[in-house]
Amino acid sequence: MWTLGAPCIAALVVSCALGRGVALRDLDGRPAVSLEWPIVTLVVPYPRMEGARWVRVVGRRANHDLIVRGVYTLQETSWSTRIDLREHGFDEADVGSIAVFWRDPDGRLVEIEAAALRR
């Protein structure tokens with residue numbers, strides 16, 4: 001008879017999470033955001049999910065806002081993600097009005113305040 005040990009169960013839990021969106025509540029704190037034209041730097045805290053090691057962050061423009069979301073991955077990634085605003089159609093005049101939001105898997109948006117807005 002086959003039995004599953006703790007390592008097998010952990011592997012099953014992690015593999016089920018791969019590619020799945022990361023809810024803000026699943027992180028150990030809020031991401032830190034800083035903006036210095038043209039780069040937004042986002043530092044994502046460690047995920048609380050057992051066995052989840054890394055979160056890949058992607059961003060996109062929505063009107064005057066930058067929407068970011070995280071996805072669980074086994075590929076080692078930096079805790080710091082740099083997003084070039086020019087690649088998303090922003091220009092330097094937009095800096096004062098850009099808001100950064102985290103998108104949870106259920107579509108809920110939570111604003112993340114930027115530590116510094118510099119031109």
Side-chain angles (χ1 to χ4, degrees):
M1 170 171 253
W2 292 90
T3 60
L4 291 177
C8 292
I9 292 171
L12 289 173
V13 170
V14 172
S15 66
C16 290
L18 291 178
R20 193 184 84 198
V22 178
L24 195 58
R25 70 178 176 276
D26 293 338
L27 298 174
D28 192 21
R30 283 206 173 209
V33 176
S34 62
L35 187 147
E36 186 169 350
W37 178 257
I39 302 296
V40 169
T41 302
L42 188 85
V43 180
V44 178
Y46 197 79
R48 291 181 181 154
M49 176 180 279
E50 183 67 34
R53 302 286 311 244
W54 294 283
V55 174
R56 180 175 50 88
V57 175
V58 294
R60 70 171 179 82
R61 182 180 181 156
N63 297 320
H64 295 287
D65 303 325
L66 181 65
I67 310 297
V68 295
R69 66 182 181 88
V71 178
Y72 290 111
T73 181
L74 285 179
Q75 181 179 2
E76 186 172 347
T77 60
S78 171
W79 296 109
S80 178
T81 300
R82 295 169 47 94
I83 299 171
D84 189 329
L85 294 173
R86 295 173 297 196
E87 294 176 3
H88 296 279
F90 289 102
D91 58 38
E92 195 168 356
D94 296 324
V95 170
S97 63
I98 296 172
V100 180
F101 290 89
W102 184 273
R103 179 182 294 278
D104 276 347
D106 65 3
R108 184 175 71 107
L109 296 175
V110 180
E111 186 169 3
I112 305 169
E113 293 192 30
L117 296 173
R118 294 188 293 257
R119 293 178 188 215

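- Counting all heavy atoms, side chain and backbone alike, Pro45 lies closest to Asp28 at CB-O, 3.2 Å.
- Taking both residues in full, the closest heavy atoms of Asp104 and Ala23 are given as OD1-CA, 3.2 Å, listed atom of the first, atom of the second, then distance.
- When side chains are defined from C-beta on, Ile98 counts as touching Leu85, because their heavy atoms get closer than 4.5 Å.
- Val55 is not listed as a side-chain neighbour of Val71, based on a closest heavy-atom distance of 4.5 Å or more.
- For CG of Asp106, the number of neighbouring non-hydrogen atoms (other residues, nucleotides, ligands) closer than 6.0 Å is greater than 12.
- The hydrophobic cluster containing Leu24 does not contain Val43, counting ILVMFWY residues as joined when their side-chain heavy atoms lie under 4.5 angstrom apart, directly or transitively.
- Trp102 places a side-chain heavy atom less than 4.5 Å from the side chain of Leu42.
- A donor-acceptor distance shorter than 3.5 angstrom exists from the side chain of Arg61 to the backbone of Asn63, with no hydrogens or angles considered.
- Residues Val58 and Arg69 are in side-chain contact: their nearest non-hydrogen atoms beyond the backbone lie under 4.5 Å apart.
- The minimum heavy-atom distance between Thr41 and Ser80, with the atom names listed, is CG2-OG, 3.3 Å.
- Rounding to the nearest 0.5 angstrom, the gap separating the CG atom in Asp26 from the OH atom in Tyr72 is 4.0 Å.
- Distance alone, capped at 3.5 Å, is enough to place a donor-acceptor pair between the Asp91 side chain and the Ala93 backbone.
- Under the 4.5 Å side-chain heavy-atom criterion for Ile, Leu, Val, Met, Phe, Trp and Tyr, Val57 and Trp79 are members of distinct hydrophobic clusters.
- Cluster membership for Ile67 and Ile112, using ILVMFWY side-chain heavy atoms within less than 4.5 angstrom, is not shared.
- The two residues Phe90 and Trp37 make their nearest non-hydrogen contact at O-CH2, 3.5 Å.
- Residues Leu109 and Phe101 share a closest heavy-atom pair of CB-CD2, 4.1 Å.
- One distance of note links CD1 of Ile39 with CZ of Arg82; it measures 4.5 Å at 0.5 Å rounding.
- To the nearest 0.5 Å, atoms CG (Asp65) and CZ (Arg60) are separated by 10.0 Å.
- When all heavy atoms of Arg48 and Arg25 are compared, the closest pair comes out as NH1-O, 3.0 Å.
- Results of the side chain to side chain contact (heavy atoms under 4.5 Å, CB included) test with Leu35 over Val40, Val100, Leu66, Ile83 single out Val40 as the only residue that passes.
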